[in-house]
Colleague: 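Sharing a structure here in structure tokens format.
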Amino acid sequence: MPISGKQLKERFKREDYEVKLFKERGFIRKSCSICNHNFWTLVSDQETCGDTRCSGGYQFLGKKGKNLNFDETIKSLTDFFVKNGHTAIKDYPVVSRWRADMEFTIASIADFQPWVLEGIIDPPANPLVVPQMCIRTGGEFSDIDNIGKTARHLTSFVMFGQHSFNSEKLTGGYWMDRCIELNFKYLTEEIGLIPEEITYGEGIWSGGGNFGPNLEAFAYGTELVNNVFIAYGFENGAVKKLDMQVIDVGWGLDRTSWFTQGTPTIYEAIFPNVIEYLQKENGYKVDQKLLMDYSKLSGLLAVEEVKDLKEERIELAGKLGMSYKEMLDILGPQEAIYAIGDHARTLSMTIADGAIPSNVGGGYNLRILLRRIIALKELYKLQFSVVKLFDLQINNLSISFPRVKEHREEIHKIVDLETKRYSETKKSGRRIINDLLQKKTEFSFKTLVNLYQNNGINPLMVKELAKEKNLEIDVPADFYIKLEEYFAEQKKQQEGIEDKAEIQLEKEYQTYPLYYENVYESQFTAEVLDIINNQYLILDKTMFYPTGGGQIHDTGTIQFKDKKYHVVDVMKKGSSILHKLKEKCDLKKGVSITGEIDAKRRMAIMRHHTAVHVVNRAAREVLGRHIWQAGADKTEKKARLDITHYQSVSTEELQEIEYTSNKIIFEKREISKVNLDRDEAERDYGFQIYQGGVVPGKTLHIVSIDEWDIEACGGTHLDNTSDIGIIKLTSSERIQDGVVRLDILAGEPALRYIQEQENILKKSSAIMSVEPKMLPKTAKRFFNEWKEQKKTIESLTKKIAELQYSNNSTKSEKIGHLDVFVQETSGGQKELILQATQAVKHYPNGICVLISSDNNRVTLIGARNKELDFDIVTVIKELSEIAGGSGGGKGELAIGGGSSVDKIATILIQAKDIIRKMI
RNA sequence: GGGCCGGUAGAUCAGUCUGGAAGAUCGCUUCCUUGGCAUGGAAGAGGCCGCGAGUUCGAGUCUCGCCCGGUCCA
């Protein structure tokens, strides 16, 4: 930020805030006696600004106003703004697929970033309103742990966006005067506040490098809505008025609904039936008066400033006239009920829009939410059906967001699966801790970190489980702080990634893409616009597809008169397409060339690309509606498709997807390709067009396979699915939790693959002299026989060794008091060990040195009788050195060897010598 | 996206640091004890130590790659 908060504050003066309404109505500008912020009011002796803390908490609780429930509030706001010249647009998904920089939609304005705000495309309407469901599961806004404790925080909420866009070419927009006028009108006429009850607080909003004034409307100790006017940005460090000035009013719809109902918390306002259900199942009832007092005070909790609310809550308990522990006992279950309701709502919404709980990205936040539901349920021993809980929230959401109920089945499936996973984790956690407790009663920080990081067992769980065993475990109070330091240390050691050197263009050219016109054409003529470094050619039009959208570039030739150049790479820079040539070239600007792409390669790439579209939908058919494309890669030889899925894909499912895909080929479905404006495309086909991820630009190339798949895709595609020929799915792999990769072959490579598989089968069956279809049975038989024989050999070896060395069938030699066996024999290490140990078994003074060899190596084994005091290990070590290797062992058994096979005779002699010396 | 941990008998896990005969408990089979059952006793079966390379005379153990599962952080 090139400008400080203080400088910003000085920048905006009275005239920047004094809108028409203030003048007309006679609002007075005052400074808050508590926080010093400026505010506008109609009440001359009002001293404070109206913010919750300056007003001493929520004053609207218990005050029934318009009494609008969640859905009525959406309707009320929508109707009002439509009546006042706004267009109501459909809300966007909560999984923000049109944006690369965030996973969840976190504000209504996010719907229009970056394309609309950058002026690249027009807004769908102007002005407009949109009831945008937003997700905030982490970060500065709401620590998940505090949900349910503050009366007002939610992980998902509707930001009812009221937006007006102002730029030179746009019409219909309005600015501050009209905005505050509407605002005031809604609050007074629709919500029923009297003008004197409303205060507007001045502020400065800044974000994403932009900033502007804002006016917050307060009443009864709460912020009702923030009116943000994004007017300025920076250019070369200097403040600059934006080309596109935007009104960003985000009505906290849930809070508005709460305000009109005056319920103790926001949760009763938006999902009363869920709370009622949870309370009823548990026969839990909480004193309404106490709850009200508690909520009024909890509005003062400084969640945004401190992460750990404990200190503040202890104070709060004091104000309620009870101890902290009493407060937790009485209100804990209630807080848990609130949190459970909130989490179930967020999970239902996000899963419906295609997110999946996992161990990466936003999915991890979802997993945490689900686990918190279960953990809270257990902590307070709450009785309820998780299925019913989700059903209730799905029903609630479906009134205003009907798509949610269409995903009921997957939501239940995913929740169920995740619940099972969690219980497995906990089960193993319990075992691990119990094992540790057997061994010790003190846990080091490192141990705790390991338990937490690797097994998901937090220190609190350790403490609890220890308690069950009547053990007191000390857990550092600052565990999480220490942990963060530990992480910070680790992070320091990581390195940055270096950027690849890129070609920089001084000037932008327009290369017209011919590759969309007729994808089967391969020859074209074009004019040379520029050549960079004698190697990168820019044409006025081209048939060469540049790498992009997960599709690899074309190759081919460019010919000028008799000279032929090979195109080895094609890339897109803005609207220019660069052809990298293999040879240095001396073409002049303005000359006309003929180009020819490698048609065979292009065809192979198109087959793979179109196949990916076909398979994507097929996967959706087979696996469920939660399937989204999470990435893809298309080349001449193969394609990869990553899809969102909550578990591994089985072989059967993979074959089903393959079968369904090929059916679409047999059905010869037509594929149409058109260019559409982004807003039009979104309106007509919805957000499913963003399967391929973020697609830049105003115009989208829409590829649709007849009644099968529609995507915004910049790649080249066949005209008919039958041109794919054949699709073969070669494997699936879970590349990370929640994402499965499918490997796809299309056309010739698919056929080659199948033939290769057949060859493998034929070769394998030839080895076993059976028909291919008998292979599994035969292989199984062979494997079992091999196992049996291995066992037989082992027991026979043992028997042979026993026979060989019993009854003095093998004679020992006396060296001193020792009975010594030194022999060359045969067999591997295992056999030798058996022989040697048998040899010394019956001789109290027996030692045995055996040697065997194959072409490459010598194996040496030494053994002594268990009772005998003799260092056999040294003997073997020395002998092994002669053999060019080394050896070792423990006590009664020594093993060694080497690679000098020719030294066997020497070793046999040396063995006795060494033993003789050691007596 | 960045880490970390794990994969050994049907199950739960030791063994891996420091390379040298693949272990324990439960379960299973058979037998003994008993009128019968619980129990008790004895014997036994059951292992591609996830897969593939490498280092080594020798790898469950060390190195690298891959597969599978778990977990934490952003």
Side-chain angles (χ1 to χ4, degrees), chain A residues 100-103 137-139 358-365 367-368 371 421-422 424-432 434-435 438-439 446-458 480 483-497 631 647-648 731-737 739 741 779 782-784 786-788 790-791 794-795 797-798 801 828-838 851-854 856-863 872-873 876-877 879-901 903 907:
Chain A
D101 56 341
M102 52 173 70
E103 289 199 73
T137 54
S358 73
N359 61 12
V360 286
Y364 184 59
N365 294 326
R367 173 165 287 173
I368 297 285
R371 292 187 172 192
R421 281 188 185 146
Y422 186 41
E424 280 302 312
T425 294
K426 273 196 315 187
K427 221 163 84 186
S428 79
R430 185 173 290 264
R431 213 163 34 223
I432 290 165
N434 284 342
D435 279 0
Q438 302 272 316
K439 292 177 200 157
K446 185 77 197 158
T447 311
L448 290 173
V449 168
N450 277 342
L451 283 170
Y452 180 58
Q453 284 205 112
N454 304 339
N455 307 94
I457 307 162
N458 62 44
Y480 288 97
L483 195 69
E484 264 175 50
E485 287 165 6
Y486 179 78
F487 284 137
E489 192 102 342
Q490 285 188 329
K491 210 164 195 177
K492 241 189 253 168
Q493 291 162 8
Q494 285 166 20
E495 291 167 59
I497 313 151
Q647 61 189 4
S648 311
S731 70
S732 75
E733 146 193 21
R734 214 151 74 115
I735 55 167
Q736 58 174 232
D737 204 3
V739 180
R741 171 165 296 167
F782 274 128
F783 185 71
N784 286 338
W786 168 78
K787 274 208 291 193
E788 264 170 46
K790 208 172 73 163
K791 272 177 234 156
E794 197 173 329
S795 75
T797 310
K798 205 170 166 184
Q829 183 179 298
K830 214 166 180 175
E831 284 83 0
L832 262 60
I833 289 171
L834 271 170
Q835 291 177 28
T837 46
Q838 281 299 328
I851 181 163
S852 81
S853 64
D854 61 14
N856 312 311
R857 67 177 83 88
V858 180
T859 305
L860 283 159
I861 299 292
I872 190 71
V873 177
I876 292 299
K877 268 188 180 163
L879 291 174
S880 296
E881 266 164 46
I882 298 170
S886 63
K890 43 182 186 184
E892 64 199 70
L893 186 73
I895 303 158
S899 47
S900 313
V901 183
K903 291 276 170 44
I907 293 166

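This is a predicted model, so every value here is computed, not measured. Below, chain A is the first sequence line, B the second, and so on; all start at residue 1.
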Colleague: Among the candidates B/rG70, B/rA21, B/rC57, find the nucleotide nearest to the side-chain atoms of A/R421.
Modeller: B/rG70
Colleague: Check the distance between B/rA9's C1' and A/K790's NZ and give it to me in whole angstrom.
Modeller: 13 Å
Colleague: OP1 or OP2 of B/rC73 less than 4.0 angstrom from a side-chain nitrogen or oxygen of A/R367, does that happen here?
Modeller: no
Colleague: Send over the distance from A/Q829 CD to B/rG19 C1', rounded to a whole Å.
Modeller: 11 Å
Colleague: Check every atom of B/rC48, B/rA21, B/rC73 against the side chain of A/K787 and return the nucleotide holding the closest atom.
Modeller: B/rC48
Colleague: Provide the distance between the two C1' atoms, one in B/rU18 and one in B/rC13, to the nearest whole Å.
Modeller: 22 Å
Colleague: Regarding B/rC57, can its base be found pairing with the side chain of A/T859 as donor and acceptor, where the two atoms are less than 3.5 Å apart?
Modeller: no
Colleague: Out of B/rC68, B/rC48, B/rA22, which nucleotide sits closest to the side chain of A/S648?
Modeller: B/rC68
Colleague: Using purine N1 to pyrimidine N3 plus N6-O4 or O6-N4 for Watson-Crick, or N1-O2 and O6-N3 for G-U wobble, both under 3.5 Å, which nucleotide pairs with B/rG1?
Modeller: B/rC73
Colleague: Between B/rG70 atom P and A/E424 atom CD, what is the distance in whole Å?
Modeller: 10 Å
Colleague: As a test of reading the structure: which of B/rC72, B/rA21, B/rC68 is closest to the side chain of A/Y452, going by heavy atoms?
Modeller: B/rC72
Colleague: Side-chain contact, heavy-atom cut-off 4.5 Å: A/D737 with A/R421?
Modeller: yes
Colleague: Taking only the side-chain nitrogens and oxygens of A/K791, find out if one of them lies under 4.0 Å from OP1 or OP2 of B/rG46.
Modeller: yes
Colleague: Expressed in angstrom and rounded to an integer, what is the separation of A/Y422 atom OH from B/rG69 atom P?
Modeller: 21 Å
Colleague: Any side-chain N or O of A/K427 under 4.0 Å from OP1/OP2 of B/rG70?
Modeller: no
Colleague: Which of these nucleotides, B/rG58, B/rC73, B/rG70, is closest to any side-chain atom of A/T425?
Modeller: B/rG70
Colleague: Report the distance from atom CD1 of A/I907 to atom CD of A/E881, rounding to the nearest 0.5 Å.
Modeller: 11.5 Å
Colleague: CD of A/Q835 to OG of A/S852: how many Å apart, nearest 0.5 Å?
Modeller: 8.5 Å
Colleague: Suppose you measure atom P in B/rA43 against the same atom in B/rU25; what distance do you get, rounded to whole Å?
Modeller: 12 Å
Colleague: Can you check the distance between B/rU29 and B/rU39, where both ends of the measurement are the P atom (answer in whole Å)?
Modeller: 13 Å
Colleague: Just name whichever nucleotide pairs with B/rA11, Watson-Crick or G-U, keeping both distances under 3.5 Å, else none.
Modeller: B/rU25
Colleague: Stepwise, does the side-chain contact (heavy atoms from CB on, under 4.5 Å) test hold for A/K426 with A/R371?
Modeller: CA-CA 11 Å; A/K426 273 196 315 187; A/R371 292 187 172 192; over 6 Å; no
Colleague: Tell me which nucleotide among B/rC72, B/rA21, B/rC57 gets nearest to the side chain of A/R857.
Modeller: B/rC57
Colleague: Taking any strand in view, what nucleotide pairs with B/rG6 in a Watson-Crick or G-U wobble way, both distances under 3.5 Å?
Modeller: B/rC68
Colleague: Tell me: NZ of A/K877 to C1' of B/rU56, nearest whole Å?
Modeller: 15 Å
Colleague: Would you indicate, yes or no, if B/rC68 has its OP1 or OP2 atom less than 4.0 angstrom from a side-chain nitrogen or oxygen of A/R734?
Modeller: no
Colleague: So how far is it from A/L832 CG to A/I895 CD1, rounded to the nearest 0.5 Å?
Modeller: 10.0 Å
Colleague: Using the rule given for side-chain contact (heavy atoms from CB on, under 4.5 Å), can you reason through A/I851 versus A/T859, listing the C-alpha separation, both sets of side-chain angles and the distance that settles it, and then say yes or no?
Modeller: CA-CA 6 Å; A/I851 181 163; A/T859 305; over 6 Å; no
Colleague: Considering every strand shown, what is the Watson-Crick or G-U wobble mate of B/rU16 when both distances are under 3.5 Å?
Modeller: none
Colleague: Please report the closest heavy-atom contact between A/L893 and A/V873, naming both atoms and the distance.
Modeller: O-CG2, 4.3 Å
Colleague: Say we look at B/rC72 and B/rU16: how far apart would their C1' atoms be, to the nearest angstrom?
Modeller: 24 Å
Colleague: Over how many whole Å does the gap from A/I735 atom CD1 to B/rC66 atom P extend?
Modeller: 14 Å
Colleague: Give me the distance, rounded to whole Å, that separates B/rC26 from B/rC66 when you measure between the C1' atoms they each carry.
Modeller: 34 Å
Colleague: Looking at A/N856, is its backbone amide N or carbonyl O close enough to the side chain of A/D854 to form a donor-acceptor pair, meaning the two atoms are under 3.5 Å apart?
Modeller: yes
Colleague: More 5' along RNA chain B: A/I457 or A/G887, using each one's nearest nucleotide?
Modeller: A/G887
Colleague: If we take the P atom in both B/rG52 and B/rC68, what is their distance in whole Å?
Modeller: 16 Å
Colleague: Taking the C1' atom of each, how far is B/rA24 from B/rU8, in whole Å?
Modeller: 12 Å
Colleague: Categorize A/K798 for me: base, sugar-phosphate, or nothing, with a 4.0 angstrom heavy-atom threshold over every strand shown.
Modeller: nothing
Colleague: Using Watson-Crick or G-U wobble geometry with both distances below 3.5 Å, tell me the partner of B/rU63, or none.
Modeller: B/rA53
Colleague: If you only use heavy atoms from C-beta on, which nucleotide in B/rC73, B/rG20, B/rG70 is closest to the side chain of A/Y364?
Modeller: B/rC73
Colleague: With P as the reference atom in both, quote the distance from B/rG60 to B/rC51 in angstrom, rounded to an integer.
Modeller: 11 Å
Colleague: Given that both distances must come in under 3.5 Å, which nucleotide forms a Watson-Crick or G-U wobble pair with B/rA45?
Modeller: none
Colleague: Categorize A/G888 for me: base, sugar-phosphate, or nothing, with a 4.0 angstrom heavy-atom threshold over every strand shown.
Modeller: base
Colleague: Students often get this wrong, so: under 4.0 angstrom with heavy atoms, is A/E892 touching a base, only sugar-phosphate, or nothing?
Modeller: base
Colleague: Quick one: on RNA chain B, does A/F783 or A/G885 contact a more 5' nucleotide (nearest heavy atom)?
Modeller: A/F783
Colleague: Scan A/E733 against the nucleic acid and name what it touches under 4.0 Å (heavy atoms): base, sugar-phosphate only, or nothing.
Modeller: sugar-phosphate
Colleague: CZ of A/R371 versus C1' of B/rC72: gap in Å, rounded?
Modeller: 11 Å
Colleague: With heavy atoms under 4.0 Å as the rule, sort A/S886 into base, sugar-phosphate or nothing.
Modeller: base
Colleague: Whom does B/rG36 pair with, Watson-Crick or G-U wobble, provided both distances fall under 3.5 Å?
Modeller: none
Colleague: What is the distance, rounded to the nearest whole Å, between atom CD1 of A/I833 and atom P of B/rG20?
Modeller: 12 Å
